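Below: one structure, written as structure tokens.
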Amino acid sequence: MIKIANLSFSYNKETPVLTGIKLEFDRRSTAIIGQNGAGKTTFVKLLKGLLKADEGEILIHDHNVNRKTAAQLARTIGLVFQNPNDQIFKRTVLDEVMFGPLNIKMDKQTAKEKAIEALKMVELDGKLEMNPHDLSLSEKKLLCIASVVAMETDIIIFDEPTIAQDHGGKEKIRQIIQALKDKNKLVMTIIHDMDFVAENFERTIVFTEGKVLLDGDTRYVFSQKELLETACVEAPGITKLAERLGFKDTVITVEEFINLKQTCSPPR
Amino acid sequence: MKRIVVEGLKYKYPLADSLALNDVTFDIKQGEFIGIIGKNLAGKSTLCQALVGLVPHFYKGAYGGKVFVGGLEVKNHSIADISLKVGMVFQNPFTQVTGSKMTVYEEIAFGLENIGVPRSEIIERIDSVLNLLKIEQVKDHNPFDLSGGQMQRMAIASIIAMKPDILVLDEPTSQLDPAGSEEVFQAIQSLSKQGITVILAEHKMEKIAQYCDRVLLLNNGKVVDFDTPGKVFSREDLEEKGVTAPVYTRVCKALGVKKAGTDEYPVTLEEAERVLRGDGA
Ligand SMILES: Nc1ncnc2c1ncn2[C@@H]1O[C@H](COP(=O)(O)OP(=O)(O)OP(=O)(O)O)[C@@H](O)[C@H]1O
Ligand SMILES: Nc1ncnc2c1ncn2[C@@H]1O[C@H](COP(=O)(O)OP(=O)(O)OP(=O)(O)O)[C@@H](O)[C@H]1O
Ligand SMILES: [Mg+2]
Ligand SMILES: [Mg+2]
């Protein structure tokens, strides 16, 4: 769906931020992890056409991003910003979520339906007339997610969706990601929460200093302890515990751990 | 010595229909590292802001009860007075940026200049926090031309540079990479060992379990519990309060293994490893 060749970018022509990125994306749900300042946000802004590459090209559905209009891109690819304050600009919660659909020329009635449906998923449908700026950070984050989900783009990118979320909030986001996967959309998520990565994404890509360090099945990526360390990331807690206890295989979920433990321990 | 005393604190934001804090009472001794946990909207940020005086001085609203921080009664002192004793890192680093400084370096210097720290010491302190938070390489960036994690690191650096007696941190590592998050918790722990009193609101339960001396569990503006991580995370009603225990506690609970000779489940990686090894796997 997306093909990236030899992509390079810098903000000021002096310090390169991304260099020689080569990646392809199919419909597998994908997590992007890596140290602060590695270039993850910059990378997805390039995909969305918000920044222009110095070198290389990005093809989305075989079309060059640079030759697509902003409107065409808006219909194909949705991005939830890391900082909700960069995204929110309407006066009410409902207007905020309707803006995207209206902008891609959905009629008003459909836009409203899509907006309310998305707001239900994040449980903000009781706050339609509230000013978004009066919401808490966790709610603002969920509002921004709803705004992008309502557009029903083929590709959806979340930049650190779980910031400020409690267990319930993460569960809502997990369900949204699952629903999008079921609709056969490409979901890409930048995230620092390794447990969430292990539980939700088939593929994981590790960025470090503007390059791709590791890319593969999430389980495989979390088995690469030394490489992960060089990118300032780590395996999930349960993976670390299993390793310390000498489990041979890389365990990435609590269920796997419990199953393994129960089958190999004598009954008590 | 008690550094923070909160007695029957009740608070309602203007226009809100319910109390954000409802009869909150607790005290904290010097050098303690306290975690505040609770589901979204439980009142964690409001409590943090009540410790630095933003509640009630900035937000106004209805306020009852007493809050003493470093010997000052918050209600009777200005935010400026209180800020000499207490530093706060906000939940969203973006809201903490002054917006008037051209570089990260000047941004960190701002607070220090305000309280009249001598020039040579300002330079020393800034170099030390830039190094501690690993942001030397962006010290000449505009504060808004940073990655999210770098901005959060800058926000923590600005407050630590002020060397307050009491540190209040509201989800300070939500945008940090795992290694950075670990380093920040270690740095905060070492400050607390030097006698600085720390209060930190957080959803990362594994970190709370590993680093905090005691944990304050809030729900709907009320204190549910204030005890050691082992006690709080072993509560049977934790999920009802919207909180999930650390993953290490959850597996041990599912497997039915407690810490030897106690009624508590393990809460850290090390503790879980110890009991599960004993379990004969
Ligand atoms: N507007 C900007 N102008 C100049 N440099 C920038 C700008 N935005 C980001 N940078 C720099 O580009 C690099 C990559 O930033 P980016 O935001 O892509 O990182 P990231 O991987 O998303 O990090 P984080 O995990 O902290 O969000 C960083 O070193 C950052 O300081
Ligand atoms: N500025 C404000 N004006 C009005 N009500 C507010 C304001 N800030 C918070 N509240 C309300 O006060 C209550 C407590 O919110 P608070 O932000 O303290 O919770 P929290 O535990 O920090 O949540 P989170 O985990 O989402 O950060 C909530 O009902 C919230 O809606
Ligand atoms: Mg980023
Ligand atoms: Mg909060």
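Basis for what follows: all heavy atoms, side chains included, without hydrogens, waters or symmetry-related copies. Keep in mind that this is a model prediction, so the values were computed, not measured. Throughout, a chain's letter reflects where its sequence line sits, starting with A, and its residues are numbered from 1.
Between chain B and the options A:E234, A:K170, A:E139, A:Q165, heavy-atom pairs under 4.5 Å are most frequent for A:Q165. Looking only at heavy-atom pairs under 4.5 Å with chain A, the residue among B:M151, B:E270, B:E183 that has the most is B:E270. In terms of heavy-atom pairs under 4.5 Å with chain B, the best-connected choice from A:D195, A:I258, A:T41 is A:I258.
Heavy atoms closer than 4.5 Å to chain B are found nowhere in A:D193, neither backbone nor side chain. Of the atoms belonging to A:E160, it is side-chain heavy atoms, and not backbone ones, that fall under 4.5 Å from chain B. Neither the backbone nor the side chain of A:E229 comes within less than 4.5 Å of any heavy atom in chain B. In this structure, chain B has heavy atoms under 4.5 Å from both the backbone and the side chain of A:L241. With a 4.5 Å cut-off on non-hydrogen atoms, A:S138 touches chain B through its side chain but not through its backbone. For chain B, the nearby part of A:Q82 is the side chain; its heavy atoms alone come within less than 4.5 Å.
Here CG of A:L137 is found 7.0 Å from OG of B:S174. Values are rounded to the nearest 0.5 Å. To the nearest 0.5 Å, atom OG1 of residue B:T95 and atom CG of residue A:N85 are 7.5 Å apart. Between the NE2 atom of B:H203 and the OG1 atom of A:T162 there is a distance of 10.5 Å, given to the nearest 0.5 Å. Considering CZ of B:F144 and CG of A:N83, their distance stands at 9.5 Å, rounded to 0.5 Å. B:Q137 contributes atom CD, which lies 10.5 Å from atom OG1 of A:T15 (distance to the nearest 0.5 angstrom). For the atom pair CG (B:D177) and CZ (A:F207), the distance works out to 14.5 Å, reported to the nearest 0.5 Å.
When all heavy atoms of A:C232 and B:P178 are compared, the closest pair comes out as O-CD, 3.3 Å. Taking every heavy atom of both residues into account, A:A164 and B:N40 meet most closely at O-ND2, 2.9 Å. Between A:N36 and B:Q175 the shortest heavy-atom distance is ND2-O, 2.9 Å. Here the closest heavy-atom approach between residue A:L245 and residue B:E273 is recorded as CD2-O, 3.8 Å. When all heavy atoms are compared, the tightest approach of A:G37 to B:S147 is N-OG, 3.5 Å.
For the pair B:R277 (side chain) and A:R244 (backbone), a donor-acceptor distance under 3.5 Å is present.
Side-chain contact between B:L255 and A:F257: present, with at least one pair of heavy atoms (C-beta onward) separated by less than 4.5 Å.
For CZ of A:F89, the number of neighbouring non-hydrogen atoms (other residues, nucleotides, ligands) closer than 6.0 Å is greater than 12. For B:K134, the NZ atom counts as loosely surrounded, since its 6.0 Å shell holds 12 or fewer non-hydrogen atoms of other residues, nucleotides or ligands.
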